[in-house]
Amino acid sequence: MARDLLGCYLVRRRGRGDVGGRISGGRIVEVEAYGGPGDPGSHADRAPNGRASIMFGEPGIAYVYFTYGMHHCMNAVCDRVGQGSAVLIRALEPVWGARAMRLGAPTNLADHLVASGPGRLCRALRIDKRLNGSDLVNGTVRILPPDTTERGEIHDGIRIGLTSDDERPWRFWLDSPSVSRSPRPRSRR
DNA sequence: CAGAAGATCTGC
DNA sequence: CAGATCTTCTGC
């Protein structure tokens with residue numbers, strides 16, 4: 001499912017809504033898969049309570065959480081009810097609304113990096129906890145299918161930023177300048 | 001109920 | 001490399 005999301009589009013409808021409304025967003029070029037119980041890196045590793053309960057619910061729903069006191073991250077719930085699995089959307093290649101997505105970003109940040117990384121992506125699309133539980137098929141923020149089956153090569157590697165040592169290669173990305181940076185050297189602790 | 005850690009990003 | 005900054009979870 002994570003692989004299938006590469007090449008799809010993530011867009012936000014803005015302005016007054018319906019016809020003629022503007023959108024911002026872009027092409028999904030980097031994702032990470034998170035499993036249910038048994039995946040130590042996942043919020044859903046524990047019982048289906050608390051914030052991660054969304055992950056155990058209906059697929060196609062957004063799981064948005066706040067972290068490090070600074071950033072939001074957005075996932076798409078991707079498995080059947082009860083499984084507790086989601087895909088973190090980590091980076092977009094900007095396609096629509098470049099100016100809108102720049103608002104609030106550092107002025108010296110290159111255009112192709114405004115949605116590069118899960119925190120930047122949420123800032124660019126103004127995604128916060130109000131969108132937690134929202135519908136990614138018909139909601140304000142939604143995922144659209146790719147316009148071609150040709151996505152190019154899909155790369156994979158270990159997930160970024162986890163504090164648990166976990167080697168499963170569940171980070172996936174396409175060749176794009178908007179893919180977020182390589183993993184930091186694991187800090188010695 | 002207090003304390004710590006966290007699926008991050010930025011600027012020094 | 002440390003600081004920002006707050007929600008969630010854990011342990012007592």
Side-chain angles (χ1 to χ4, degrees), chain A residues 1-3 5-6 10 26 28-57 59 61-79 83-94 101-134 136 141 143 155-174 176-189:
Chain A
M1 190 68 186
R3 272 181 273 253
L5 283 169
L6 291 173
L10 180 68
I28 298 171
V29 294
E30 183 184 351
V31 297
E32 279 177 2
Y34 286 88
D39 179 357
S42 174
H43 290 173
D45 186 31
R46 299 172 186 283
N49 303 320
R51 63 178 175 180
S53 59
I54 292 270
M55 289 178 70
F56 290 85
I61 296 299
Y63 167 44
V64 181
Y65 65 90
F66 186 72
T67 191
Y68 293 107
M70 297 281 294
H71 305 288
H72 292 272
C73 294
M74 199 199 79
N75 301 251
V77 177
C78 280
D79 208 344
Q83 298 300 301
S85 188
V87 173
L88 174 68
I89 314 295
R90 287 192 56 93
L92 303 181
E93 199 171 280
M101 289 195 287
R102 278 212 74 87
L103 294 176
T107 51
N108 59 345
L109 187 66
D111 284 342
H112 66 280
L113 296 178
V114 295
S116 175
R120 288 173 175 176
L121 183 157
C122 285
R123 184 188 54 203
L125 291 187
R126 303 289 183 274
I127 291 168
D128 61 26
K129 287 187 69 178
R130 287 173 294 185
L131 285 165
N132 190 33
S134 68
L136 290 171
V141 169
I143 294 171
H155 305 277
D156 62 65
I158 63 171
R159 295 172 292 183
I160 292 179
L162 302 195
T163 50
S164 64
D165 290 315
D166 189 285
E167 299 294 315
R168 67 191 85 189
W170 281 5
R171 176 185 179 225
F172 305 95
W173 66 95
L174 301 176
S176 166
S178 299
V179 169
S180 68
R181 70 160 183 279
S182 300
R184 276 177 290 188
R186 187 165 284 287
S187 59
R188 55 271 165 185
R189 240 172 312 119

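Numbers restart at 1 for each chain; the letters A, B, ... are given by sequence-line order, proteins then strands. What you see below is based on every heavy atom in this structure, not just the backbone, and it leaves out hydrogens, waters and symmetry mates.
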Peer 1: Given B:dT8, is OP1 or OP2 found less than 4.0 Å from the side-chain N or O atoms of A:R123?
Peer 2: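 For B:dT8, neither OP1 nor OP2 has a side-chain N or O of A:R123 closer than 4.0 Å.
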
Peer 1: Atom CZ of A:R90 and atom C1' of B:dC9: how far apart are they, to the nearest Å?
Peer 2: 11 Å

Peer 1: Whole-Å distance between B:dT10 C1' and A:H71 NE2?
Peer 2: 8 Å

Peer 1: Without decimals, in angstroms, what is the distance between A:L88 CG and B:dG6 P?
Peer 2: 16 Å

Peer 1: Of the nucleotides B:dA7, C:dT7, B:dG11, which one has an atom closest to the side chain of A:F66?
Peer 2: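 So the nucleotide nearest the side chain must be C:dT7.
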
Peer 1: Hey, does A:G69 reach any base, or is it just sugar-phosphate, or nothing, if we go heavy atoms under 4.0 Å?
Peer 2: base

Peer 1: Please report, rounded to the nearest Å, how far the P atom of C:dC6 is from the CG atom of A:D128.
Peer 2: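 From A:D128 CG to C:dC6 P: 14 Å.
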
Peer 1: To the nearest Å, give me how far apart NE2 (A:H72) and C1' (B:dA7) are.
Peer 2: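 Rounding to the nearest Å, NE2 of A:H72 and C1' of B:dA7 are 14 Å apart.
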
Peer 1: Just N and O in the side chain of A:R171: are any of them under 4.0 Å from OP1 or OP2 of B:dA7?
Peer 2: no

Peer 1: Check the geometry between A:Y65 and B:dA7 and answer yes if their rings are stacked (centres below 5.5 Å, planes below 30°), otherwise no.
Peer 2: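 Not stacked by the 5.5 Å and 30° rule.
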
Peer 1: Starting at the 5' end of DNA chain C, which residue's closest nucleotide do you reach first, A:K129 or A:M70?
Peer 2: A:M70

Peer 1: Please give the distance between the P atoms of C:dT5 and B:dA2 as a whole number of Å.
Peer 2: 22 Å

Peer 1: Roughly, in whole Å, what's the span from OH in A:Y63 to P in B:dA7?
Peer 2: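 So the OH-P distance, A:Y63 to B:dA7, works out to 9 Å.
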
Peer 1: Taking only residues two or more places apart in sequence or in another chain, which ones pass ring pair (Phe, Tyr, Trp, His ring centres under 6.0 Å) with A:F56?
Peer 2: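 None.
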
Peer 1: Pairs in or reaching into residues 111-120 of chain A: which pass salt bridge (Lys or Arg N to Asp or Glu O under 4.0 Å), with residues at least two apart or in two chains?
Peer 2: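 Sorted result for residues 111-120 of chain A: A:R102-A:D111.
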
Peer 1: Roughly, in whole Å, what's the span from CG in A:D165 to P in B:dG6?
Peer 2: 11 Å

Peer 1: Between A:Y68 (OH) and B:dT8 (C1'), how many Å, whole number?
Peer 2: 6 Å

Peer 1: Regarding A:R159 and the six-membered ring of A:Y34, is the cationic atom NZ or CZ under 6.0 Å from the ring centre and inside 45° of its axis?
Peer 2: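 Yes, A:R159 and A:Y34 form such a contact.
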
Peer 1: Are A:R171 and A:I158 side-chain neighbours, meaning at least one heavy-atom pair lies under 4.5 Å?
Peer 2: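 Side-chain contact under 4.5 Å: no.
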
Peer 1: Using the side-chain heavy atoms of A:M55, tell me which of these nucleotides is nearest: C:dA4, C:dT7, B:dA7.
Peer 2: B:dA7

Peer 1: Is the distance from OP1 or OP2 of B:dT8 to the nearest side-chain N or O of A:T67 less than 4.0 Å?
Peer 2: no

Peer 1: Identify the nucleotide, in any strand shown, that forms a Watson-Crick or G-U wobble pair with B:dA7, with both distances under 3.5 Å; if there is none, say none.
Peer 2: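 Base-paired to nothing in any strand shown.
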
Peer 1: Measuring to OP1 and OP2 of B:dA7, would you say a side-chain N or O of A:H43 lies under 4.0 angstrom away?
Peer 2: yes

Peer 1: What orientation do A:W173 and A:H155 show, parallel under 30°, tilted 30 to 60°, or perpendicular over 60°?
Peer 2: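 Rings of A:W173 and A:H155: parallel, under 30°.
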
Peer 1: Once you apply a heavy-atom cut-off of 4.0 Å, does A:G41 come out as touching a base, just sugar-phosphate, or nothing?
Peer 2: base

Peer 1: Kindly say whether A:V29 contributes a backbone atom to a donor-acceptor pair with the side chain of A:E93 at under 3.5 angstrom?
Peer 2: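 No, the answer is negative, given that no donor and acceptor are paired below the 3.5 Å cut-off.
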
Peer 1: The side chain of A:N108 lies closest to which of these nucleotides: B:dG11, B:dG6, C:dC9?
Peer 2: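 From the listed options, B:dG11 comes nearest.
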
